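Here the structure is a predicted model, which means the values were calculated and not measured. Sequence lines set the chain letters: A, B, ... in the order given, protein chains first and strands last, and positions in each chain run from 1.
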Protein chains: 4
Amino acid sequence: MSRHNYNEEKIIAKKKYIMEIAKEIFFKKGYENTSMNEIAKQAKMAKGTIYLYFSSKKDLFFSLVYEGLEILEKMIKNNIKSGEKGLDKILNMGRAYIQFYREYPDYYSFVIKYESEKADLDTNEPLVLNSYEKSEEIYDILKLLILKGIDDGSIREDIDINKTSMLLWLQTIGVVQQYELRKKLYENWDEKFPSSSILDFYIDFMEKSLKK
Amino acid sequence: MSRHNYNEEKIIAKKKYIMEIAKEIFFKKGYENTSMNEIAKQAKMAKGTIYLYFSSKKDLFFSLVYEGLEILEKMIKNNIKSGEKGLDKILNMGRAYIQFYREYPDYYSFVIKYESEKADLDTNEPLVLNSYEKSEEIYDILKLLILKGIDDGSIREDIDINKTSMLLWLQTIGVVQQYELRKKLYENWDEKFPSSSILDFYIDFMEKSLKK
Amino acid sequence: MSRHNYNEEKIIAKKKYIMEIAKEIFFKKGYENTSMNEIAKQAKMAKGTIYLYFSSKKDLFFSLVYEGLEILEKMIKNNIKSGEKGLDKILNMGRAYIQFYREYPDYYSFVIKYESEKADLDTNEPLVLNSYEKSEEIYDILKLLILKGIDDGSIREDIDINKTSMLLWLQTIGVVQQYELRKKLYENWDEKFPSSSILDFYIDFMEKSLKK
Amino acid sequence: MSRHNYNEEKIIAKKKYIMEIAKEIFFKKGYENTSMNEIAKQAKMAKGTIYLYFSSKKDLFFSLVYEGLEILEKMIKNNIKSGEKGLDKILNMGRAYIQFYREYPDYYSFVIKYESEKADLDTNEPLVLNSYEKSEEIYDILKLLILKGIDDGSIREDIDINKTSMLLWLQTIGVVQQYELRKKLYENWDEKFPSSSILDFYIDFMEKSLKK
DNA sequence: TATGAATGAGTCTTCATTCAT
DNA sequence: AATGAATGAAGACTCATTCAT
């Protein structure tokens with residue numbers, strides 16, 4: 001292994017280390033209320049050092065977002081392997097998103113924050129591009145699965161494929177996000193709130209509206 | 001009309017004027033990126049003057065939120081008057097929310113911003129309380145309408161009322177919010193994106209999953 | 001009575017009224033932490049109205065100071081009437097100052113605040129002049145009383161009259177002020193502190209150092 | 001010397017430098033009328049830089065107060081070493097306070113400002129606590145010295161120890177403060193005023209009232 | 001005489017980023 | 001590669017005073 005690679009590895013390791021520290025703080029306090037000062041202190045590094053590895057606070061944050069997107073993508077691709085019929089695969093896709101939310105609440109929060117602001121971001125940022133491509137890819141998968149579902153008789157034929165795929169996409173993300181929002185709110189209010197099982201119920205609900 | 005009322009009217013008019021100016025800037029730049037300085041400048045007023053009418057930046061913003069909530073409430077209550085069966089009324093309720101989003105995109109954005117942060121807000125703030133109560137009220141209406149729908153035979157009987165009402169609530173808000181997010185994103189990318197009609201499609205979709 | 005006088009009386013009454021309101025607030029919150037806004041509100045007047053009667057916040061405050069000085073002067077002049085010998089009169093003068101502090105803690109606080117800042121005040125202010133003259137007058141009385149005391153044999157002869165009179169003056173004001181300061185401090189700390197009787201003890205102490 | 005110590009020294013030096021600048025301005029203009037802006041400008045630093053060394057304006061000011069208290073404490077402890085009898089030591093203690101006032105008029109002004117406001121300060125502040133403890137310590141010394149004086153026959157026996165110690169304490173601080181106040185006032189008025197020697201006279205006066 | 005809305009300079013404090021070492 | 005001191009623009013908010021009505 002060349003010296004160059006050796007150094008590159010060290011750099012990547014350091015980046016991972018910083019990201020690990022930052023992940024916790026960003027998750028706990030949110031983007032705006034996290035200062036580079038605190039990250040540096042927690043990481044026992046000089047503030048300037050962080051800037052050797054990340055060009056800005058945004059860059060550091062979006063690297064975490066990107067990592068989150070990768071995890072999500074992997075989970076989705078993995079989940080749609082199982083299930084035979086198109087409908088099963090679609091439901092598994094929804095389950096994958098819910099699973100991501102449950103298992104990686106920190107990464108989930110970054111992805112959502114990113115999603116809600118990326119419309120205002122600089123179009124030249126490669127991270128926006130990447131995320132956009134990932135979204136498209138997932139969306140295309142969804143479309144194919146609906147087609148397959150109609151073909152194998154697991155999904156009704158009277159639906160518009162384009163609209164349905166888009167709607168399912170919007171709906172799933174939306175339901176999970178709203179659940180997260182309400183959950184925090186109701187917790188504060190010490191009130192009863194349907195447990196996380198409502199998300200499973202959502203999958204049932206989806207099934208009912210799609211199946212033949 | 002007494003002199004006192006005359007002055008009060010003038011004060012209310014000025015508040016409205018400031019809110020009008022602030023509404024545009026908040027809408028364009030978001031809460032954090034809007035400074036009182038800019039609002040004052042746009043309103044051709046001294047900074048201090050604004051503080052005569054609103055005790056803080058938060059107060060000014062939440063006044064807009066509250067106004068938005070009032071509009072939304074009115075639209076929902078108005079819309080569910082029409083329709084005979086429970087299912088019709090539920091669909092009209094969803095339509096009201098979409099209509100609010102379409103007709104008052106600015107107010108909509110404040111309400112959403114508020115909703116996504118109210119979990120972190122001070123519970124003692126009367127505005128949080130008010131909004132909370134409004135939400136509960138709307139949610140209760142939804143529950144009653146489902147009951148009515150089951151009763152009058154317009155809605156299937158095999159659903160859990162509590163879960164369904166909560167899910168419809170999360171889902172509708174979620175779909176609209178995700179639509180808004182994606183729309184802005186795709187617009188930037190000059191791509192084709194299912195027009196706003198997808199929201200109408202959502203209502204159809206909802207109908208299918210509820211009706212007997 | 002001429003119309004002019006009638007109006008003047010009304011003006012004086014209004015000034016008194018405003019001063020009464022302001023006295024309480026200044027006493028409770030201190031000069032810096034009292035705003036004209038609050039005074040106006042408490043007095044159920046418009047802010048501008050106060051400026052018809054007092055040219056500034058300072059003017060209003062110093063009018064209270066001046067009133068305090070008048071009360072103090074009257075008490076001193078009254079007290080030194082009683083007592084036969086020079087020493088008795090001097091002690092009564094000290095007692096008058098302590099009595100002023102005890103009976104008019106609010107006016108006392110204004111006088112002290114004024115005294116500690118008048119060195120930095122504009123020399124052209126007539127109020128500084130007045131106070132200065134009052135101080136001189138009192139100081140002269142003190143000097144005469146010492147002379148009389150030496151003459152009638154109630155006070156030792158081995159003291160320097162100028163220095164002693166000045167010292168008694170500084171000392172009495174100083175002791176009372178420090179007592180007030182410490183008292184508040186110790187109260188906060190819930191500790192035992194020699195009661196106000198220490199001020200009477202001070203008079204005894206003074207007597208011992210002066211008498212033949 | 002390690003690198004670490006080297007940096008720490010530099011930081012301390014910078015703190016001292018800022019305090020030196022601030023000391024002058026605070027002394028000249030008082031706490032309220034001194035702005036961080038001006039301190040930064042005088043120190044030829046960016047405003048933010050000062051906040052690297054002091055967490056707030058209060059912190060900066062109280063650091064000066066604390067330094068003053070340390071100097072005063074040292075002077076008192078040093079002065080009471082000399083003198084044989086209890087009375088001599090007490091007089092030297094008074095002289096120490098006067099010396100502090102004469103040699104460090106700036107620090108003296110901070111200490112007095114602090115003393116006059118500490119009753120209103122937050123009891124949780126460690127600086128208030130420290131100062132309180134210092135005061136108590138000095139006061140205890142005074143009490144012991146009076147006891148010693150009575151014991152060794154240099155002080156009269158007919159005095160109440162508690163009251164006397166408290167009174168001497170109040171009196172000394174009071175006299176010096178009043179002297180400072182009057183001095184500034186009379187200076188402005190270009191009048192003759194007993195020179196600083198009146199403070200020495202105060203010590204004589206004290207001696208006379210205490211000795212057997 | 002009375003009003004009270006309007007002013008705007010001034011306050012302390014924060015923090016992402018840079019750069020000399 | 002690493003440091004961390006320095007920057008300085010920007011933020012929300014206050015308040016004595018004025019002046020048109």
Represent DNA chain E in dot-bracket notation, 5' to 3'. Only Watson-Crick or G-U wobble pairs with both distances under 3.5 Å count; pseudoknot-style crossings use [ ] and interstrand partners use |. .||||||||||||||||||||

How far apart are the C-alpha atoms of B:V65 and B:F62, what are their side-chain angles, what is the distance that settles it, and do they pass the side-chain contact (heavy atoms from CB on, under 4.5 Å) test? CA-CA 5 Å; B:V65 171; B:F62 285 160; 4.0 Å; yes

Write down the distance between [atom1] ([X]) and [atom2] ([N]), rounded to a whole number of angstrom.
| X | N | atom1 | atom2 | value |
| --- | --- | --- | --- | --- |
| A:F61 | E:dA16 | CZ | P | 13 Å |
| C:K44 | E:dT3 | NZ | P | 13 Å |
| A:K41 | F:dT3 | NZ | C1' | 16 Å |
| B:L52 | F:dA16 | CG | P | 14 Å |
| C:K10 | E:dA2 | NZ | P | 7 Å |
| A:I50 | F:dT3 | CD1 | P | 10 Å |
| C:Y17 | E:dA2 | OH | C1' | 14 Å |
| A:E9 | F:dA1 | CD | C1' | 18 Å |

Among F:dA16, E:dC12, F:dG4, the nucleotide that comes nearest once only the side chain of A:A46 is considered: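 Looking only at heavy atoms from C-beta outward on A:A46, the closest nucleotide is F:dG4.
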
Which nucleotide, E:dA5, E:dA2, F:dA5, lies nearest any side-chain atom of D:Y53?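 Nucleotide nearest to D:Y53's side chain: F:dA5.
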
Does the side chain of [X] reach to within under 4.5 Å of the side chain of [Y], using non-hydrogen atoms?
| X | Y | answer |
| --- | --- | --- |
| B:I39 | B:L60 | yes |
| A:S109 | A:I112 | no |
| D:M19 | D:K14 | no |

Atom pairs under 3.5 Å: protein N/O with N/O of nucleotides 19-21 of chain E:
none

Tell me which pairs pass ring pair (Phe, Tyr, Trp, His ring centres under 6.0 Å) where either residue lies in residues 34-56 of chain C, with sequence neighbours left out.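 Applying ring pair (Phe, Tyr, Trp, His ring centres under 6.0 Å) to every pair that reaches into residues 34-56 of chain C, excluding sequence neighbours, yields nothing.
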
When you measure from the side chain of [X] to the backbone N and O of [Y], does any donor-acceptor pair fall under 3.5 Å?
| X | Y | result |
| --- | --- | --- |
| D:Y114 | D:F61 | no |
| A:K57 | A:Y31 | yes |
| D:T49 | D:M45 | no |

Pick the closest DNA chain F nucleotide for D:M45 and for B:S55 by heavy atoms, then say which residue is nearer the 5' end.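 Looking at the nearest nucleotide for each, D:M45 comes out on the 5' side.
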
Of C:S56 and A:K14, whose nearest nucleotide on DNA chain F comes first from the 5' end?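 That would be A:K14.
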
side-chain hydrogen bond (donor to acceptor under 3.5 Å, both in side chains) partners of B:Y107, counting only residues at least two apart: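 So B:Y107 forms a side-chain hydrogen bond (donor to acceptor under 3.5 Å, both in side chains) with B:E67.
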
Hey, could you give me the CD1/CG distance between D:I18 and D:L64, rounded to the nearest 0.5 Å?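 The CD1 atom of D:I18 sits 11.0 Å away from the CG atom of D:L64.
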
Any donor-acceptor pair under 3.5 Å joining the side chain of B:K47 to the base of E:dT7?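 When only heavy-atom distances are counted, B:K47 does not reach the base of E:dT7 through any donor-acceptor pair under 3.5 Å.
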
Considering only residues two or more places apart or on different chains, which pairs with a residue in residues 21-35 of chain C satisfy salt bridge (charged side-chain N to carboxylate O under 4.0 Å, His left out)?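 Counting only pairs at least two positions apart or across chains, the salt bridge (charged side-chain N to carboxylate O under 4.0 Å, His left out) contacts touching residues 21-35 of chain C are C:E20-C:K23, C:K23-C:D106, C:K29-C:E38, C:E32-C:K113.
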
Aromatic ring pairing B:F27/B:F110, orientation class (parallel under 30°, perpendicular over 60°, tilted between):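 Rings of B:F27 and B:F110: perpendicular, as their planes differ by over 60°.
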
Tell me which residues in residues 21-39 of chain C lie within less than 4.0 Å of DNA chain F, going by non-hydrogen atoms.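 Within this stretch, C:T34, C:S35, C:M36 sit under 4.0 Å of the strand.
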
Is the distance from OP1 or OP2 of F:dT3 to the nearest side-chain N or O of A:T49 less than 4.0 Å?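 It does, given that an N or O in the side chain of A:T49 lies less than 4.0 Å from OP1 or OP2 of F:dT3.
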
